[in-house]
Amino acid sequence: MMGFDGTAVTPHIKTLIEKHYLGCILLTAKNLKSAEETTNLCYELQKIAHDAGHSVPLAIGIDQENGGVNSLFDEIYVRQYPSSMGIAAAGSTDLAFEVAKATAQEISACGINWIFGPCLDVLTNARNQPLGVRTAGDDPQEVSAYGVAFMKGYKEAGLVTLGKHFPSYGNLEFLGSTLDVPIITESLEQLSLSALVPFRNAIRQGLDSMMVGGCAMSSAGLNAMHACLSEQVVDGLLRSDLQFKGVVVSECLEMDALSHNIGVGGGTVMAVNAGCDVVLLCRSFSVQQEALKGLKTGIENAMISKDRIYNSLRRVLAMKLKCTTWEKALNPTGINYLEKLQPIHTSLSTRAYNSSITVVRDKNRLLPLSNILDNEEELLLLTPLVKPLAASAATKAVSETVAASSPEPAAWERSSSVMSGERVFRELGRSLARQRSGRVLHTSYTANGVRPVHENLINRASAIIVLTADANRNLYQHGFTKHVSMICNMQYTTGGEKREKPLIVVAVSSPYDFAMDASIGTYICTYDFTETALNSLVKVLYGELSPAGTLPGTISKSQKLHHSKQHWLVETFNEERDSNALDNLVTAVMEGTPPNQRSELSSATSNSFILHHPEVEEAHFVVRNSSTQALYGFCSTYFFKQAGTGVIGALFVDPQRRKLSIGHSLHNRAIRTLLQREGIKRFQLGSRLPSIFLGIPTGHGAERKRLRSWFANLGWNAALSRPVCNMVARNLLNWTPPEGMAKSLSSAGFQFDLVYGWDYAGPVLDHIKTSNRQGLAEVYKLALSDPSSCGIIRAKRPDDGALVATVVLYNHHSRLSDFIPPLKDLNEAAGGISSPVVSPGVGEYSTLLQGLILLGMRQIKAQGCNACLLDYMDGDGNFDGFSAMGFDVMHNFEEVSCDAATWTMIPPS
């Protein structure tokens, strides 16, 4: 596989295709100016191969990783998307698939058929690695999940894929000189547990090809001067151990360390014998000729067997069959197809960047900027002078810089048209200025540190934004930012009082710059400094966009402990807009339930929370991603006017988004809303109607402690809780009442009947007024208004006909059952018994209660049901009687209530 200089076909590359039957071409940024010119270039290359008698088209590959590494950019037709780490921060493998598919569609339209991705490296030593945001992070499983999603997206668009950089560039040690090879020192066991996980999973999912790196390996049992030249690594570890059957591509043999240590001719022979099917030579025609000569000599001298050549040829041809034909190669869809994709892909780009921006900390609530800046006050932007990055089509100059310390020295060359950091940051300053009437001051900083000009501007401005780009490797940025932070902490008012000046630090590349430095109180990560990323940053800074990203990998797990002060934008639930997203959230919560637990949300849908009851005021709230429409959290509230009770009926958060203060923000909004209800007397956690969460779930010890503690920190006194539960009796068709229970019931001397419909409402509703429990009246009214599916069992005193006890019966056709998902969760014909009310003055309470339920079970059995649900029972009673009737506890809860007038923790508005 070879590359060449220039944006047009050169005589050298034409010779290689025509005379030497070169079958694979690498195109880099120096070859590609626009989508249209790229399409023409690919067509010309394929036409040369076709006319020269090639039996199959060329495989034409490029790096198009997005973020900081793109070979092709076009202002109109090719979109910019976040880096791998930026996509991981967005938290959606579905988004990763969409972005990968869109990327592949764009370059495929131009004639590219082989994408050099996904990047499967695990940053096991994240702080000082040149890969930075090109990989998804430091968690092997997360890198694997996103890598496979990217791979599937590329494949969906018809490209073949290349995983890189085997066996991992995520923990390299650098010795300093460009002639020194970066070294992997991890043992094979360590690699297997971490770095190799994404490669192994991608292979199982159908990865087409693999790039083996040029790094050295030095550990017990595994020594190689260059991995891609080592039979132990390629044929042994990759092919035999990981069972990779696809095409193996070497690192570029032109890298300084490799060419100087071994020589390209010898290196080519070693690469082929190691098991590489494709040897990569990026640009120099003389070096490419040297490689061809070395290959020819190796075959003539029997150093390379013909079987080895034919096996590689078969693998390459099989790969080409997946991605190209002459019909496709000579008829690229080009600009016409890209025009159709452009609107959809522009929207996807914006959505992806909006979803990736991460506010790691905002201790003093500096965001949005309107919190801290008046219109006339000045804002200072301090930006570093950095190496260019693939940024936008506004770019004119192409970087010729080679990152000498990089294990992939052509990385900068392969990236697209670039824009100097100074220019893109200047555009950021203009964007910030357009959003406000006060001035935005902007200057850059360098390794010279804080100069008098910086100090003067800091003293003058009312708030400071400092940008960093890989401060862990560019240590001057770290020192400069800490110095500015110290100056901001030492500000005083004219009266002599200490007044900390607001400082916001934004990492525009690696998120590791200040992720663990809590002294930087407000810290934001964008994962690249393309114009699209910085446009999303501006929206976050001004409060137009609620930041949805989270730090990827293990750093996220440690950071989530520090998010208690984060305030999320809480919106009112919109039934039309949010119902499908709520169903997806319910599913995510259920799937996040441990295998040995049954979720309280099982069989619940978005409709389960919406009562539309005239005597209940309901207001529900969501934290949502306005770009993807996904819900991150949901809270339902109900105000039962008759009882004067304000209820939080449900509060749950996506398992992937927990410990980020989403639940805290939803709870605060719920309490603020309930406090405003006219006639509010008390608050309650848990609801009888709808009957999903009857209180705090308590079925599992550790989870019960965590939830009790969480709600206690929000102001709820769990010591005042009341245990409640729902119960189920199965195998009802074979059920018979316990011996003696029916006789005991008849001897109690009460008369029982079953009534239907609103004609019986008066006495029944008068009777239940003896209890002030939330939701009782509403359950009974629903049952009375639905006589075809609900009934009321009544118990009366024979002497005066007075009602002394009632209970509701309902079946799965009833309106009431819509709000009681546990009934549907039984997955068989079932009926329900709800809301028994026994008059306080009746002495035979237990007998009456058991009698009502016994008669209810008989009735439900008579209707052909095989299961019976008791949807709301006091959990501190004696269960022996119910157990004797065949009931088992389904879910346990603690219903917590408190006097609204004594609520002390009023959340901020």
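Note that the coordinates shown come from a computational prediction; the quantities given were computed from them, not determined experimentally.
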Minimum-distance pair of heavy atoms, taken over all atoms of L72 and A35 = CD1-N, 4.2 Å

Within-4.5 Å side-chain heavy-atom neighbours: L585 and D654 = yes

Taking every non-hydrogen atom, the tightest pair across P547 and I357 = CB-O, 3.9 Å

Would you say the side-chain atoms of T93 pair up with the backbone N or O of A96, donor to acceptor, closer than 3.5 Å?
-> no

Is any side-chain heavy atom of L551 less than 4.5 Å from a side-chain heavy atom of Y512?
-> no

Going by atom type alone, with no hydrogens or angles, which donor-acceptor pairs under 3.5 Å involve a side-chain atom of residues 332-342 and a protein atom two or more places apart or on another chain?
residue : atom : partner : partner atom : Å
E339    : OE2  : Y77     : OH           : 3.4

Does R79 have any salt bridge (Lys or Arg N to Asp or Glu O under 4.0 Å) partners at least two apart in sequence or in another chain, and if so, which?
-> none

Just wondering, do P552 and D139 contact through their side chains at under 4.5 Å, heavy atoms?
-> no

From the options V506, V359, V360, select the one residue that forms a side chain to side chain contact (heavy atoms under 4.5 Å, CB included) with Y523.
-> V360

Could you tell me which residues satisfy ring pair (Phe, Tyr, Trp, His ring centres under 6.0 Å) with F199, sequence neighbours excluded, listed by chain and number?
-> F166

Looking at residues at least two apart in the chain, or sitting in another chain, which of them share a salt bridge (Lys or Arg N to Asp or Glu O under 4.0 Å) with R200?
-> none

Is any side-chain N of the basic residue among E98 and K101 closer than 4.0 Å to the acidic one's carboxylate O?
-> no

Sequence neighbours left out, what passes side chain to side chain donor-acceptor pair (under 3.5 Å) with H442? Give chain and number order.
-> T383

To the nearest 0.5 angstrom, please state how far the CH2 atom of W568 sits from the CD1 atom of I662.
-> 4.5 Å

Contact summary for K164 and R134, nearest pair of heavy atoms | NZ-NH2, 3.9 Å

Could you tell me whether the side chains of S355 and N625 share a donor-acceptor contact shorter than 3.5 Å?
-> yes

Could you tell me the separation between the CD1 atom of I112 and the CG atom of L32, rounded to the nearest 0.5 Å?
-> 6.5 Å

Report yes or no: does N113 contribute a side-chain atom to a donor-acceptor pair with the main-chain N or O of T324 at less than 3.5 Å?
-> no

S627 and L545: CA distance, side-chain angles, deciding distance, side chain to side chain contact (heavy atoms under 4.5 Å, CB included) verdict = CA-CA 9 Å; S627 300; L545 175 69; 4.2 Å; yes

The side chain to side chain donor-acceptor pair (under 3.5 Å) partner of T468 among D513, N474, T481 is D513

Donor-acceptor side-chain pairing of T103 and N66 below 3.5 angstrom | yes

With side chains defined as the heavy atoms from C-beta onward, is the minimum distance between L191 and I184 less than 4.5 Å?
-> yes

To the nearest 0.5 Å, what is the distance between CD (Q141) and OG (S194)?
-> 9.5 Å

Rounded to the nearest 0.5 Å, the CG atom of L381 sits from the OG atom of S444 at a distance of 10.0 Å

What is the distance from atom CE of M210 to atom CG of L242, rounded to the nearest 0.5 Å?
-> 7.0 Å

Are D121 and T135 close enough that a side-chain donor and a side-chain acceptor fall under 3.5 Å?
-> no

Could you go through the side chain to side chain contact (heavy atoms under 4.5 Å, CB included) check for L467 and I465 one step at a time?
-> CA-CA 7 Å; L467 266 56; I465 298 175; 3.7 Å; yes

For the student: nearest non-hydrogen atoms of G170 and L131, plus distance = N-CD1, 4.3 Å

Kindly determine whether M1 and W114 satisfy side chain to side chain contact (heavy atoms under 4.5 Å, CB included), including the steps that lead there.
-> CA-CA 12 Å; M1 185 174 204; W114 191 1; 3.9 Å; yes

E427 versus L534: any side-chain heavy-atom pair under 4.5 Å?
-> no

Under 3.5 Å, is there a donor-acceptor pair between the side chain of Y146 and the main chain of M85?
-> no

Residue pair L348 / L95, side-chain heavy-atom distance below 4.5 Å | yes

Are D528 and Y353 close enough, and set up right, to give a side chain to side chain donor-acceptor pair (under 3.5 Å), and what steps lead you there?
-> CA-CA 10 Å; D528 67 58; Y353 273 109; 3.1 Å; yes

Heavy-atom distance under 4.5 Å between the side chains of S536 and T526, does that happen here?
-> no

State whether the side chain of T161 and the backbone N or O of L207 hold a donor-acceptor pair below 3.5 Å, judged by distance alone.
-> no

Residues S84 and F150: closest non-hydrogen pair is OG-CE1, 3.7 Å

Using a 4.5 Å cut-off on heavy atoms from C-beta on, say whether the side chain of K155 contacts that of D208.
-> yes

Closest non-hydrogen atom pair, P655 against A588 = CG-O, 3.5 Å

Just one of N31, D5, L26 clears the side chain to side chain contact (heavy atoms under 4.5 Å, CB included) bar with R283, so which one?
-> D5

Any donor-acceptor N or O pair under 3.5 Å, side chains Q64, E106 = no

Passes side chain to side chain contact (heavy atoms under 4.5 Å, CB included), V247 versus V160? Steps please.
-> CA-CA 10 Å; V247 172; V160 286; over 6 Å; no

Partner residues of Y632 under the ring pair (Phe, Tyr, Trp, His ring centres under 6.0 Å) criterion, sequence neighbours left out | none

Pairwise distance CZ(F425) to OG(S431) - rounded to 0.5 angstrom = 12.5 Å

